[in-house]
Protein chains: 2
Amino acid sequence: MDRFLSNTVSRIDAKGRVSVPAHFRAVVQKRGYSELYALRCLDLPAMDVGGLDLLDRYEQRIALEDPFLQTADDMSFFCHGDGAFLKLDQDGRITMSDFIREHTGVSSEVAFVGRGNFFQIWEPGRLAAYGAQARARLLQLRQGTKPGERPE
Amino acid sequence: MDRFLSNTVSRIDAKGRVSVPAHFRAVVQKRGYSELYALRCLDLPAMDVGGLDLLDRYEQRIALEDPFLQTADDMSFFCHGDGAFLKLDQDGRITMSDFIREHTGVSSEVAFVGRGNFFQIWEPGRLAAYGAQARARLLQLRQGTKPGERPE
DNA sequence: CCTATTCCCGTTGACGCCCATAGTGCCCCA
DNA sequence: TGGGGCACTATGGGCGTCAACGGGAATAGG
């Protein structure tokens with residue numbers, strides 16, 4: 001298995017550490033990620049976490065823009081300024097920095113959510129709420145609303 | 001890692017010194033910067049800080065202007081005459097000069113923001129405000145493009 | 001001579017490294 | 001088929017190292 005799938009909730013210990021689920025670590029290793037890149041989601045209280053290829057993708061995208069226009073600057077501001085590297089310690093744990101806590105609202109527990117090529121970090125309660133919304137949107141789609149729009 | 005990433009806030013001590021984040025110092029060393037050059041951003045209350053290659057970026061921009069126009073001259077004046085070298089002391093700290101304070105509005109705390117090939121210095125409050133604007137612009141961009149797509 | 005900078009040292013707290021323990025699933029064997 | 005034991009994960013905690021930070025002393029420059 002080489003994709004991030006399923007989701008788990010882990011407890012944060014007194015030192016602010018949390019174990020990355022074993023099956024996620026296995027994927028990380030299989031993909032050869034030596035470092036984890038975490039990015040604050042644009043419109044969600046979650047972090048996207050993946051390998052350096054995640055960052056590369058953004059940088060390639062930025063390269064397509066005129067470097068002196070606002071858009072390029074905004075993009076860099078987002079993926080560099082709102083991104084960070086996560087260090088896995090020897091026991092496969094990461095520490096929940098304020099950088100992550102501020103954006104996600106995480107305090108005592110963390111939800112890890114597989115998203116295929118990357119995974120996400122959520123505050124469990126918010127994840128549940130968002131999941132419910134997402135399901136509702138999909139249901140509505142099926143009922144015949146025109147597909148492809150993103151109701152916010 | 002060889003890119004300036006993430007953002008942190010540091011306190012300025014009574015002597016006006018502030019620690020450059022250890023991670024940034026590591027990048028500086030890895031890139032072989034012997035000196036740090038700080039430029040006032042053209043349109044933002046922030047400083048761009050990096051190696052001397054930082055100037056390349058600005059000079060490219062100047063080259064795009066008509067050399068007979070006032071703009072080119074203004075730009076040259078700005079980037080060549082309005083920059084300053086930052087000295088790292090033995091503990092990896094820099095001093096917040098009035099030159100920096102005037103332009104950024106920094107007083108008691110400084111935010112360091114990674115921007116890939118360089119980093120920025122902000123007054124934390126202003127950074128938050130600008131960051132929110134940048135995010136809003138990017139969101140708008142996304143809604144203008146094809147719906148439902150997310151970079152993986 | 002006075003002030004601003006630089007050097008150096010000590011303290012504190014955060015973080016990484018390592019080990020211990022408990023809970024769980026799995027496998028082998030009786 | 002049930003029990004014992006192995007393997008592994010999640011989690012807690014001790015401890016050493018290093019970064020952040022404050023402050024005294026030396027130095028330079030006006």
Side-chain angles (χ1 to χ4, degrees), chain A residues 1 4-30 33-38 47 49 84-102 106-114 119-124 127, chain B residues 1 4-31 33-38 49 84-102 106-114 119 121-124:
Chain A
M1 181 52 58
F4 297 102
L5 293 175
S6 179
N7 67 83
T8 333
V9 175
S10 304
R11 224 191 336 279
I12 302 179
D13 71 14
K15 288 176 161 184
R17 299 170 301 185
V18 64
S19 293
V20 174
H23 47 287
F24 281 12
R25 297 206 303 267
V27 177
V28 165
Q29 196 171 15
K30 180 158 281 179
Y33 295 155
S34 55
E35 286 184 284
L36 288 179
Y37 169 70
M47 309 288 302
V49 184
F85 289 119
L86 297 184
K87 266 176 292 187
L88 278 172
D89 73 10
Q90 289 186 325
D91 297 328
R93 290 183 279 199
I94 55 176
T95 63
M96 286 310 206
S97 58
D98 290 342
F99 181 77
I100 297 178
R101 294 178 192 261
E102 272 172 26
V106 158
S107 61
S108 65
E109 289 193 319
V110 189
F112 291 88
V113 184
F119 64 89
Q120 289 182 326
I121 289 177
W122 284 80
E123 192 284 315
L127 172 62
Chain B
M1 188 38 51
F4 295 102
L5 216 59
S6 181
N7 66 81
T8 15
V9 175
S10 305
R11 235 192 329 282
I12 302 179
D13 70 13
K15 291 181 176 179
R17 298 171 302 186
V18 67
S19 293
V20 175
H23 177 247
F24 283 10
R25 298 206 304 268
V27 176
V28 165
Q29 196 171 13
K30 181 159 279 179
R31 290 187 165 232
Y33 295 155
S34 53
E35 293 185 286
L36 285 179
Y37 196 64
V49 185
F85 289 102
L86 297 184
K87 269 171 292 186
L88 280 172
D89 73 9
Q90 289 186 328
D91 295 330
R93 291 183 277 199
I94 56 176
T95 309
M96 282 305 180
S97 59
D98 290 342
F99 177 76
I100 296 178
R101 293 177 192 263
E102 269 173 29
V106 158
S107 61
S108 66
E109 290 193 319
V110 190
F112 291 87
V113 184
F119 64 91
I121 289 177
W122 284 79
E123 192 284 316

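Letters go in sequence order (proteins before strands), and every chain restarts at 1.
Between Q29(A) and L88(A) the shortest side-chain heavy-atom distance does not fall below 4.5 Å.
Under the 3.5 Å distance criterion, the side-chain polar atoms of R101(A) are matched with a main-chain donor or acceptor of M96(A). Using a distance-only test at 3.5 Å, with no hydrogens or angles considered, no donor-acceptor pair links the side chain of R11(B) to the main chain of V18(B). A donor-acceptor pair is defined here as one N or O able to donate and one able to accept, closer than 3.5 Å; such a pair exists between the side chain of D13(B) and the backbone of G16(B). A side-chain donor-acceptor contact under 3.5 Å links R25(B) to the backbone of V20(B).
Within the 4.0 angstrom heavy-atom criterion, only backbone atoms of the sugar-phosphate kind lie near V20(A); the bases stay farther away.
One can place CD of E109(B) at 9 Å from P of dC21(D), the figure rounded to the nearest angstrom. Regarding F112(B), its CZ atom lies at a distance of 14 Å from the C1' atom of dA19(D), rounded to whole Å. Per the geometry, CG belonging to D98(A) stands 15 Å off P belonging to dA20(D), to the nearest Å. Per the geometry, CG belonging to D89(B) stands 17 Å off P belonging to dA28(D), to the nearest Å. Rounded to a whole Å, the CZ atom of R25(A) is 12 Å from the P atom of dC8(D).
Partner of P21(A) under the side chain to side chain contact (heavy atoms under 4.5 Å, CB included) criterion, out of V9(A), V27(A), T8(A), N7(A): T8(A) alone.
Under the 4.0 Å criterion applied to side-chain N and carboxylate O atoms, R93(B) and D91(B) are assigned as salt-bridge partners.
Distance from the side chain of S19(A) is smallest for dT11(D) among the nucleotides dT11(D), dG22(D), dA19(D).
Think of the region where chain B sits on DNA chain C: with heavy atoms and a 4.0 Å cut, that region ends 5' and 3' at dT6(C) to dC9(C).
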Write down the protein N/O and nucleotide N/O pairs, taken from nucleotides 23-25 of chain D, whose separation is under 3.5 Å; answer none if there are no such pairs.
unit_1, atom_1, unit_2, atom_2, d
dG23(D), N7, R17(B), NH2, 3.1
dG23(D), O6, R17(B), NH1, 2.9
dG23(D), O6, R17(B), NH2, 3.4
dG24(D), O6, K15(B), NZ, 2.2

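Shown here are the side chain to side chain donor-acceptor pair (under 3.5 Å) partners of D89(A), two or more places apart in sequence or in another chain: there are none.
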